[in-house]
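In what follows, a single structure is set out as structure tokens and then discussed.
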Amino acid sequence: MASVTMRNIRKVYDNTVEVIKGVDLEVQDGEFMVFVGPSGCGKSTMMRMIAGLEDITDGELLIGDRVANDLPPVDRGVAMVFQSYALYPHMTVAENMGFGLKLAGSSKAEIAEIVGKAAEILHITNLLDRRPKALSGGQRQRVAIGRAIVRKPGVFLFDEPLSNLDANLRVQMRVELTKLHKELGSTMIYVTHDQTEAMTMGDRIAVFNRGIVEQVGPPMELYHNPVNTFVAEFLGSPKMNLLPIKWTRNGDEACIEVGGCTIPWNGNGHGPLGSVSDDLLLGVRPEHFDVFDSGDTNGSIAAKVEVAERLGDIVLLYLKVPGIEQTLAVKVPEEGHLWQRGATVTLRPRDKTAMLFTKAGPRVS
Amino acid sequence: MTTTKSQPSQARRERFARLGQYALHTVLVIFFLFPLLFLFVSALKGDELQLLKDMGSLNAFVPYGDISLKNFSHVISGSNFKTAFFNSLLTVSLTVILGVLINSMLAYALARFKFKGRDFLLSVIVALIIIPFEAIAVPLLLLVNELPWVNGEIGWLDSYHVQIIPFIAHAFSIYLFYQFFIALPKDLEEAALMDGANRLRIYWSIVMPLSKPVIATVAVLQFLSRWGDLLWPVMAVRGDTFATLPLAMQSFFGQYPRHWGDVMAFAAMATLPTLMIFVIFQRWFVRSAVSSGIKG
């Protein structure tokens with residue numbers, strides 16, 4: 001096991017394109033850290049730099065207490081599971097898993113023993129004599145993980161390992177990887193663009209955007225306390241609703257005007273009235289709205305139902321608020337309500353769930 | 001109604017198309033197979049007079065009359081065939097083996113390493129493909145005539161190495177390997193890097209085992225071009241000691257009185273290894289030729 005410390009890491013291609021713009025991050029010993037972000041945000045490049053597959057332009061990378069900037073991949077004590085699995089097609093499963101050990105000079109008996117143990121952990125003992133082309137996607141994934149395990153690395157690196165699997169298998173492998181982390185207790189860094197994987201698997205999440213880390217923290221902390229609109233929108237499905245608002249005052253109460261309706265700020269009427277400008281966005285997660293059939297819009301937002309998606313246990317409502325361009329997503333429990341298209345409903349954000357952001361992105365505290 | 005009417009006419013059209021295809025295949029097979037049939041049948045005809053008489057008719061393709069292996073034994077006992085066959089086998093095998101290794105290594109470096117002048121080198125290699133050997137044969141002869149060898153002698157003429165070394169590096173082979181290597185997934189090589197393999201190990205243990213189709217293509221192409229080459233042996237080899245099959249056959253063909261049966265037997269035995277190599281590697285060769293877009 002080992003910690004991974006990144007100090008002001010930068011990556012520039014051809015002296016012009018800066019992909020990683022100074023990342024400071026510490027992955028603790030035994031931690032499951034998830035790098036999440038949209039395509040092209042630099043998360044995979046960051047992982048490849050840790051693996052030693054990309055040079056580090058600037059900054060310092062420590063694996064354990066060793067500076068690893070110039071160490072070859074094999075000396076870093078890391079193992080990587082690739083998105084494509086990268087199994088050697090001309091070798092059997094056992095040969096694939098034992099290739100690294102063979103290169104390290106282990107004896108045949110030693111290799112067979114270590115490979116056998118790893119195969120047992122991953123339930124692939126019966127596949128050891130097969131070639132990769134005779135395996136299903138899930139089995140290939142296990143072999144790829146097995147190849148990483150046998151090297152007993154200090155740090156496991158996973159580069160979007162589940163993205164080639166079908167939805168059911170992905171859920172199953174997600175659970176198994178989490179269990180594996182608990183069993184092995186190793187440091188794991190996992191790259192994904194899937195926020196569900198990030199939320200369910202990671203001890204902590206680092207949200208990448210355009211070469212920087214926007215926020216690092218435990219999944220639920222990021223979910224409930226995003227530092228900016230990017231993190232707020234990236235985590236959660238459907239994404240957080242961001243509505244343009246104006247501050248107003250009703251006597252001593254702080255209120256917000258949204259879609260032509262005036263509602264008290266966070267229910268209690270107190271808010272950072274004096275300290276913020278009008279150029280704000282109200283952030284409310286889809287599940288944090290209370291929806292009422294109709295009635296008095298005082299203190300609520302009036303909206304029209306555009307689409308209702310029934311998912312069995314919940315209903316996703318897509319609503320239109322007059323004067324606001326974007327469609328609101330609202331999650332309500334399935335209670336047999338019809339939710340007819342064009343019907344008027346009123347919405348009210350639950351107390352203390354709404355957040356304020358400036359239009360530039362940062363959260364207003 | 002329209003559907004039921006159109007179905008038989010479509011089926012008829014398909015049948016005609018298939019018949020046309022078979023007819024074309026048959027013509028092509030005849031075109032390529034009959035010279036070989038003529039060669040082998042003539043080589044088996046022991047009676048020289050009958051052979052000469054048959055040459056003007058379709059009987060040339062029919063094995064009849066005095067059928068024996070007489071001509072073959074004449075060739076083996078009365079010519080330089082055995083030495084020439086050994087020389088051909090040795091020079092061509094070494095050229096092909098060393099060619100596969102060295103051309104693939106260069107192609108791998110071009111496909112995977114970043115170094116100054118890489119693009120220029122690649123352009124030069126592509127440009128070299130279009131230069132025919134005939135254009136460089138004389139300068140090459142002058143060059144090898146001046147080169148020293150390990151025993152201290154100057155000049156490589158009349159030796160095995162003069163028939164091997166100049167043909168190891170082969171621009172078209174490098175290009176074929178390069179095209180194949182750039183299409184190989186980089187992930188495999190990166191996985192091997194993570195496993196602790198160095199570049200040479202990756203080339204040998206990962207890249208080459210996955211390159212069997214292109215290795216077969218390069219081997220067959222180089223084998224064919226070297227096995228049948230007459231120009232260079234004529235220029236660089238004197239006497240029988242280092243003569244390869246084409247050169248030996250030319251000498252044999254030039255002897256009088258000329259026995260066509262023996263000539264055909266010599267040619268048949270010289271052709272057999274080529275046919276065998278092609279039949280053995282045909283599957284890989286066709287696959288690689290299709291994938292690399294080369295024409296046969």
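Labels below follow one simple rule: chain letters A, B, ... track the order of the sequence lines, proteins then strands, and each chain is numbered from 1.
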Considering the options B/Phe172, B/Phe223, B/Phe133, which one meets the ring-ring contact (aromatic ring centres under 6.0 Å, His included) requirement together with B/Phe167?
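Only one of B/Phe172, B/Phe223, B/Phe133 forms a ring-ring contact (aromatic ring centres under 6.0 Å, His included) with B/Phe167, namely B/Phe133.
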Is [X] close to chain B through its backbone or its side chain, or both, or neither, when contacts mean heavy atoms under 4.5 Å?
| X | answer |
| --- | --- |
| A/Leu87 | backbone |
| A/Ala104 | neither |
| A/Val78 | both |

Do you know which of B/Gly196, B/Ala197, B/Pro185 has the most heavy-atom pairs with chain A at a distance under 4.5 angstrom?
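The candidate making the most pairs under 4.5 Å is B/Gly196.
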For chain B, the option from A/Ala144, A/Ala86, A/Pro73 that forms the most heavy-atom pairs under 4.5 Å:
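It is A/Ala86.
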Taking donor and acceptor roles from the modelled atom types, list the N and O pairs under 3.5 Å across chain A and chain B.
from, atom 1, to, atom 2, distance (Å)
A/Arg48, NH1, B/Glu190, OE1, 2.8
A/Arg48, NH1, B/Glu190, OE2, 3.3
A/Arg48, NH2, B/Glu190, OE2, 2.6
A/Ser84, OG, B/Asp187, OD2, 2.4
A/Tyr88, OH, B/Ala191, O, 3.4
A/Tyr88, OH, B/Ala192, N, 3.1
A/Tyr88, OH, B/Asp195, OD2, 2.7
A/His90, NE2, B/Ser205, O, 2.8
A/Arg151, NH1, B/Met194, O, 2.7
A/Arg151, NH2, B/Met194, O, 3.0

Crowding at CZ, B/Phe16 (>12 non-hydrogen neighbours, <6.0 Å):
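No, CZ of B/Phe16 has 12 or fewer neighbouring heavy atoms, counting only those of other groups under 6.0 Å.
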Under 6.0 Å from the CZ atom of B/Phe31, do we count more than 12 heavy atoms belonging to anything else shown?
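Check fails, neighbour count at 12 or below.
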Sequence neighbours excluded, every pair satisfying salt bridge (charged side-chain N to carboxylate O under 4.0 Å, His left out) that has a member inside residues 27-36 of chain A
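Those involving residues 27-36 of chain A are A/Glu31-A/Arg204.
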Taking every non-hydrogen atom, the tightest pair across B/Ala267 and B/Leu39
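Heavy-atom minimum between the residues: CB-CD1, 3.5 Å.
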Please give me the minimum heavy-atom distance between A/Val155 and A/Ala2, naming the atom from each residue.
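Nearest heavy atoms, A/Val155 then A/Ala2: CG2-O, 3.9 Å.
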Could you check whether any side-chain heavy atom of B/Phe177 comes within less than 4.5 Å of a side-chain heavy atom of B/Val207, counting everything from C-beta outward?
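No - every pair of side-chain heavy atoms lies 4.5 Å or more apart.
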List the steps and the verdict of salt bridge (Lys or Arg N to Asp or Glu O under 4.0 Å) for A/Glu26 and A/Arg7.
CA-CA 8 Å; A/Glu26 175 143 15; A/Arg7 288 186 190 143; over 6 Å; no
